[in-house]
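Notes follow once the structure below has been shown.
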Amino acid sequence: NAGVTQTPKFRVLKTGQSMTLLCAQDMNHEYMYWYRQDPGMGLRLIHYSVGEGTTAKGEVPDGYNVSRLKKQNFLLGLESAAPSQTSVYFCASSYRLGLDQPQHFGDGTRLSIL
Amino acid sequence: AQKITQTQPGMFVQEKEAVTLDCTYDTSDPSYGLFWYKQPSSGEMIFLIYQGSYDQQNATEGRYSLNFQKARKSANLVISASQLGDSAMYFCAMRENTNAGKSTFGDGTTLTVKP
């Protein structure tokens with residue numbers, strides 16, 4: 001019962017470095033999301049996807065790029081990491097049909113930018 | 001304007017007592033869904049309960065119930081018979097029919113259950 005799997009779980013980067021966070025789901029969900037959570041705060045939507053090959057901007061998209069080449073995978077990229085991007089990143093997925101479909105979350109990636 | 005407002009940054013409750021966590025929302029869409037999630041200190045997000053805008057009855061799931069007051073645009077979570085394991089951060093979230101690809105989350109309420 002894998003559900004939503006995020007890779008890596010922890011990462012420390014230097015300012016200016018790039019990296020990609022991988023999210024994989026095995027539930028055949030159409031929708032996928034990337035959120036960031038800063039200390040003591042709620043989730044803020046970075047980007048989301050309503051299907052393979054489609055992406056859209058959320059509330060805080062600047063400094064991030066995403067791709068969804070396969071239905072089961074959603075990648076989040078940081079081209080030039082900045083200390084302000086230090087955060088915990090959550091990936092989530094859900095079924096398309098029905099407002100009653102909850103999001104299923106990964107365990108998060110703790111990212112520190114020095 | 002914030003779409004989901006949770007006005008209680010922190011709450012305390014005695015073990016075995018009931019507690020209500022507040023959530024108000026803002027939408028002009030007549031069709032929407034409201035969710036509550038729990039985030040323990042370990043960090044994972046756990047879905048607790050759902051309420052649809054057209055549901056006639058308040059949702060219940062075990063010790064969790066949702067006090068849905070549509071006219072007041074509130075969807076408060078009620079936890080009965082609190083347990084130490086209920087200590088966590090709780091988030092209210094909304095999904096609107098006009099933009100079903102997105103969910104909006106509140107800032108959360110940290111609940112501490114005292115023994």
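Quick note on labels: first sequence line is chain A, next is B, and so on, each numbered from 1. Here the structure is a predicted model, which is why all the values come from computation and not from measurement.
- Other residues, nucleotides and ligands contribute more than 12 heavy atoms inside 6.0 Å of the CD atom of B:Q14.
- Side chain of B:Y37 to main chain of A:P102: no donor-acceptor pair is present (N/O by atom type, distance under 3.5 Å, no hydrogens or angles).
- Environment of NZ in B:K114: sparse, with no more than 12 heavy atoms of neighbouring residues, nucleotides or ligands closer than 6.0 Å.
- Criterion: ILVMFWY side-chain heavy atoms under 4.5 Å apart, direct or through other members. Under it, A:L45 and A:L111 are not part of a common hydrophobic cluster.
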Problem - Intermediate values then yes/no, ring-ring contact (aromatic ring centres under 6.0 Å, His included), A:F105 and B:F47 - result: CA-CA 9 Å; A:F105 286 84; B:F47 165 67; over 10 Å; no

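- Connection of A:L76 to A:V60 is established within a shared hydrophobic cluster, with ILVMFWY side chains joined at heavy-atom distances below 4.5 Å, either directly or through further cluster members.
- Separation of atoms CZ (A:R44) and CG (B:D107) is listed at 9.5 Å; rounding is to 0.5 Å.
- Listed here is the closest heavy atom pair of A:Y33 and B:K102: CE2-CA, 4.3 Å.
- Annotation: maximal heavy-atom pairing with chain A below 4.5 Å, among B:Q39, B:M89, B:Q6, B:E44, occurs at B:Q39.
- A pairwise comparison of heavy atoms in B:S31 and A:L99 identifies OG-CD1, 3.3 Å as the closest pair.
- Tracing side-chain contacts under 4.5 Å through hydrophobic residues (I, L, V, M, F, W, Y), one reaches A:Y48 starting from A:F90; they form part of the same cluster.
- Of the two parts of A:E59, neither the backbone nor the side chain holds a non-hydrogen atom closer than 4.5 Å to a non-hydrogen atom of chain B.
- Each of B:L48 and A:V4 belongs to its own hydrophobic cluster when Ile, Leu, Val, Met, Phe, Trp and Tyr are linked at side-chain heavy-atom distances under 4.5 angstrom.
- Between B:S103 and A:Y35, the closest side-chain pair of non-hydrogen atoms falls below 4.5 Å.
- The minimum heavy-atom distance between B:F35 and A:D100, with the atom names listed, is CE2-O, 3.9 Å.
- A:Y31 and A:V66 are members of different hydrophobic clusters when ILVMFWY side chains are connected at heavy-atom separations under 4.5 Å.
- Both the backbone and the side chain of A:L43 come within contact range of chain B, with heavy atoms under 4.5 Å apart.
- Around the NZ atom of B:K70, the shell of radius 6.0 Å holds more than 12 heavy atoms that belong to other residues, nucleotides or ligands.
- With hydrogens and angles ignored, the 3.5 Å screen pairs a side-chain donor or acceptor of B:R95 with a backbone N or O of A:Q101.
- The candidate with the highest count of non-hydrogen atom pairs below 4.5 Å against chain B, out of A:Q37, A:M32, A:Q103, A:M41, is A:Q103.
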